[in-house]
Each structure stands twice: as C-alpha cells, then as structure tokens.
Amino acid sequence: MSIRPDDQVSEGSGPPVPPAPIAVIAGASGFIGGQLLTALRTWGYETRTIGRADTHCDATWEDPSRIRELVDGTDLLINFAGRSVGCRYTDANRQEIWDSRILTTSALKDAVGAASAPPRLWINSSTATIYRHATDRPQTEDGGEIGEGFSVDIAKAWEKEFFAGSLPATRRVALWMAIVLGDGAALDMLATAARFGAGGPQHEGRWFPHRRCRGIGPEASGPTVWHQHPPTHGRQRFSWVHIDDVLRAVRFIISHEELSGPINVSNPQVTDNVTLMAALRRAVRMPIGIPAPRWLLELGMIVLRQESELVLKSRWVLPERLEAAGFDFRWTDIEAATKHLLR
C-alpha cells in the first residue's frame, strides 16, 4: 500500500515517513495503461491521470494549464495515450491515430519544458512496427532498419516529437513494443477466429490494391497504392510480449538509469504465424484451423473492421538493450502464454 503525503506519524514512533513519489500517467483508460496504473500503485506511487474528458481523469487534454500543474513536481511521467490501431485505416481514423499520438506527446513535452521541477523519467509508448517487414534477420535498436508506410510514419513522427528539444533534467525512454498479449484487442481477435475454426495460418497473396496503408504526415513514405508483402506462406514472424513482462520491463527501466532512448520491448523467443495460430487452437481446444489466404482474410477483416497488417507483416524484433542490461523475460513460450491468458 502506498503512503500518502499527509499520513501522520505518531509522536515517538520514529522519523517522519517521506511522501510517496508521484507518477503521472496519460492514457490510463486503455488496456496497457490501466494495467500499469494498478501496478504503479502497488509499487508505492501516488498516481495522477491525464486523458479524455469522458474518462474522469485528474486532467484532460483540453486543459494544458492543469496538465502543467500535474507534471510539475512529479517523479515519473508515463504516456500511453493514443487511439487504438485496431480499426480500418479510413481517412478519419488515420488522422485520429496521428493526432492522438503526436499532439498528446507535444502537450506533455510543453508541460515538462515549463516545469520548475520536471520529472526524473519520462516513458513514452511507441511501437516496434517502426521496423521493416523482416524475414531475413532480426531487428534491434542498433542494427534495425526502419520500414515505410502508414504505421511506420506514425511511429517515426511520434519518436521525432518525443525526442525533439532539450530536457536536461528528464531521462526519456521510448518503448518500441511488439504486439502485447493480454486481455486486449489483438489476442481477442485471433482467439475468436481460432474458436470458430478459422484459426489456421494467414497467407499473403493477391488482393485489390488500396491506399489505406499509404504514408502520412509531412514526410510520408512508401508507395501511394499498396499491393502486398512478399509471400511468406504463413511463416511471417510474429514478435510478441506478455503483458506481465511489459509491466516488469517498465519497473526495470525505472530503476536502471543507464537506459534511455528507444528500447525494444519484445520477447526474445520470436514465433511465426503458423506456430502462433497452432498455439491458439490448442489454448481454446479447437482441433480445426482453416487456413486463410489473403482474399479470405481481407473479407473477414472488412467484417471485423480491422486491417490485415496485424498478421501479414513479418515482425522480427529482439530486445537487445533490455537483455544487455540484465532484464529477463518470464513468458518466453507462446504455448504457455496463450494457455495462461485464454484459460
């Protein structure tokens, strides 16, 4: 249980207990942010939240003066704000995904820059999908290659805004996270497909060209019209991380002051699509798994209002900096992780 700053110590019982450090978290209403909010309280932090007006937070994005008030004097600032990418990339959704990441990060940076007592550490959410479609070798912080297109441009602009400018009193860490498995949209969607017998591997193939994955922003990258990745026959890599290890990684980063800059948060035991879907079928006890060629997958994604990028892009990411600092991942077996989360 955390200690409140106004807790009183009875006379003669010893020296006064110092107040608990304060953590401000943005985006606490989301899947990862909500889990982290609970964890921070168990770690002894007083917590304050920033979010939308309908989430009953201590400050809203429409009130920058209140955000500055919360940030000034805090020990830890964590930002997990951002609209879910679990949607169709319509023009309206694309712009909302951009604004909910870039503009909120900019607002927090303004608050940190104006603080008389800025936070010691600022952790900002980001994504490992910033790397290219990789089937030939793993991508690390120092040796990885940046990709192109909509999701990559979002990640690049997010990083640019987060690290721009000088904040000498504040250590900044960007979490380049793989797909997080837990009680969230990614696992729910794949597990639902497995339960209904559609949990076979997903295969890249021919489909109508479209513009939804085109680049965005002033430095838009990639082709304007998208076709497909090279065929991988269900062997596209699937980098993932258990939600418990995400929380442990955050706590590890807090206590290791030598860590700064981009940090890959991704299980070192990368699986592939065939193995992932087989593990999900066993976890939900469904022996049948019909494979999904691209045309069938796209029809399903239209119904689900999702994009096929989630399962067709080959994500091969390794946590080089975390492991070099001594962090160990507890959930490294996809079979055990899916059974734990789905049962």
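None of these values were measured; they are calculated from a predicted model.
Residues A174 and F162 share a closest heavy-atom pair of N-CE2, 3.8 Å. Of all non-hydrogen atoms in R94 and G215, the two that sit nearest each other are NH2-O, 3.2 Å. I243 approaches G182 most closely through the heavy-atom pair CG2-CA, 4.1 Å. In this structure, A81 and T104 approach most closely via the heavy-atom pair CB-OG1, 4.1 Å. The minimum heavy-atom distance between D153 and A220, with the atom names listed, is OD2-CA, 3.3 Å. Heavy atoms only, all atoms of each residue included: T275 and R235 are closest at OG1-NH1, 4.1 Å.
A donor-acceptor pair is defined here as one N or O able to donate and one able to accept, closer than 3.5 Å; no such pair exists between the side chain of S266 and the backbone of P319. Panel note: side chain S221, backbone E148; no donor-acceptor pair is recorded below 3.5 Å. No side-chain donor-acceptor contact under 3.5 Å links E145 to the backbone of A134. One N or O on the side chain of S239 and one on the backbone of R315 form a donor-acceptor pair closer than 3.5 Å. Using a distance-only test at 3.5 Å, with no hydrogens or angles considered, a donor-acceptor pair links the side chain of T74 to the main chain of I22. When atom types are taken as modelled, the side chain of T105 and the backbone of I102 share no donor-acceptor pair closer than 3.5 angstrom.
L304 has its side chain out of reach of T192: every pair of non-hydrogen atoms, C-beta onward, lies at least 4.5 Å apart. Between T232 and D272, the closest side-chain pair of non-hydrogen atoms is not below 4.5 Å. Counting only heavy atoms from C-beta outward, the side chains of I334 and L181 approach each other to under 4.5 Å. L40 is not listed as a side-chain neighbour of V250, based on a closest heavy-atom distance of 4.5 Å or more. Using a 4.5 Å heavy-atom threshold, the side chains of K109 and W122 count as touching. Taking the side chain as every heavy atom from C-beta outward, S308 and Q202 never approach each other to under 4.5 Å.
Within the structure, salt bridge (Lys or Arg N to Asp or Glu O under 4.0 Å) pairs that include any residue of residues 205-228 comprise D91-R214, K160-E219, R212-E307 (at least two apart or interchain). Under the side-chain hydrogen bond (donor to acceptor under 3.5 Å, both in side chains) criterion, no residue pair touches residues 162-174, with sequence neighbours excluded. Within the structure, ring pair (Phe, Tyr, Trp, His ring centres under 6.0 Å) pairs that include any residue of residues 125-145 comprise Y131-W176, H133-H229 (at least two apart or interchain). Within the structure, every pair that satisfies the salt bridge (Lys or Arg N to Asp or Glu O under 4.0 Å) test and touches residues 275-294, not counting sequence neighbours, is listed here: E204-R294, R282-E335, R294-E298. Among residues at least two apart or in separate chains, there is no ring pair (Phe, Tyr, Trp, His ring centres under 6.0 Å) pair with a member in residues 193-226. The list of salt bridge (Lys or Arg N to Asp or Glu O under 4.0 Å) pairs with a residue in residues 15-35, not counting sequence neighbours, is empty. Sorted by first and then second residue, the salt bridge (Lys or Arg N to Asp or Glu O under 4.0 Å) pairs with a member in residues 239-256 read D245-R248, R248-D328; sequence neighbours excluded. Each ring pair (Phe, Tyr, Trp, His ring centres under 6.0 Å) pair with one or both residues in residues 59-109, not counting sequence neighbours, appears once here: Y89-F150.
By the rule that hydrophobic residues join a cluster once side-chain heavy atoms approach within less than 4.5 Å of another member, I179 and V270 end up as members of separate clusters. No single ILVMFWY cluster, assembled from side-chain heavy atoms under 4.5 Å apart, contains both W316 and I146. Hydrophobic cluster membership differs between W240 and V246, with clusters built from Ile, Leu, Val, Met, Phe, Trp and Tyr side chains linked at under 4.5 angstrom. The cluster map of Ile, Leu, Val, Met, Phe, Trp and Tyr, joined by side-chain heavy atoms under 4.5 Å apart, puts L276 and M177 in different clusters. Residue L280 is grouped with residue L312 when hydrophobic side chains (ILVMFWY) are merged at heavy-atom distances under 4.5 angstrom, including chains of intermediate members.
Between the CD1 atom in I67 and the CD atom in E62 there is a gap of 8.5 Å [rounded to 0.5 Å]. Note that CG of L70 is 13.0 Å distant from CD1 of I25, once rounded to the nearest 0.5 Å. Note that the CG atom of N264 and the CD1 atom of I130 stand 10.0 Å from one another [nearest 0.5 Å]. Rounding to the nearest 0.5 angstrom, the gap separating the CZ atom in R237 from the CG atom in N273 is 12.0 Å. How far CD1 of I253 is from CD1 of I78: 9.5 Å, rounded to the nearest 0.5 Å. Between the CG atom of L322 and the CG atom of L175 there is a distance of 8.5 Å, given to the nearest 0.5 Å.
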Could you go through the side chain to side chain contact (heavy atoms under 4.5 Å, CB included) check for W158 and N124 one step at a time? CA-CA 9 Å; W158 209 357; N124 215 61; 3.3 Å; yes
Would you sort out whether I216 and I97 count as a side chain to side chain contact (heavy atoms under 4.5 Å, CB included), showing the intermediate values? CA-CA 11 Å; I216 190 173; I97 291 169; over 6 Å; no
Test side chain to side chain contact (heavy atoms under 4.5 Å, CB included) on R101 and V85; report intermediate values, then the result. CA-CA 11 Å; R101 286 159 173 75; V85 294; 3.7 Å; yes
Could you walk me through whether D142 and R321 pass the side chain to side chain contact (heavy atoms under 4.5 Å, CB included) check? CA-CA 9 Å; D142 295 325; R321 290 184 181 170; 2.7 Å; yes
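Between H242 and W331, the angle of the ring planes stays under 30°, which puts this pair in the parallel group of the 30/60° scheme.
Residues meeting the side chain to side chain contact (heavy atoms under 4.5 Å, CB included) test with I288, sequence neighbours left out: M286, I290. With sequence neighbours excluded, the residues forming a side chain to side chain contact (heavy atoms under 4.5 Å, CB included) with L103 are D99, listed by chain and number. Here R305 pairs with nothing under the side chain to side chain donor-acceptor pair (under 3.5 Å) rule; sequence neighbours left out.
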Under 3.5 Å, sequence neighbours excluded: what are the donor-acceptor pairs made by side chains of residues 256-263?
{"from": "H256", "atom 1": "ND1", "to": "F252", "atom 2": "O", "distance (Å)": "2.9"}

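A salt bridge does not link R66 to D58: none of the charged side-chain nitrogens sits closer than 4.0 Å to a carboxylate oxygen. Between R48 and E69, no side-chain nitrogen of the basic residue sits less than 4.0 Å from a carboxylate oxygen of the acidic one, so the salt-bridge criterion is not met.
Under the 3.5 Å distance criterion, with hydrogens and angles disregarded, a donor-acceptor pair is assigned to the side chains of S151 and E309.
Evaluated for a side-chain contact (heavy atoms from CB on, under 4.5 Å) with P119, the options D75, V71, V24 yield exactly one hit, V71.
Counting heavy-atom neighbours within 6.0 Å of R137 CZ, excluding the residue itself, gives a total above 12.
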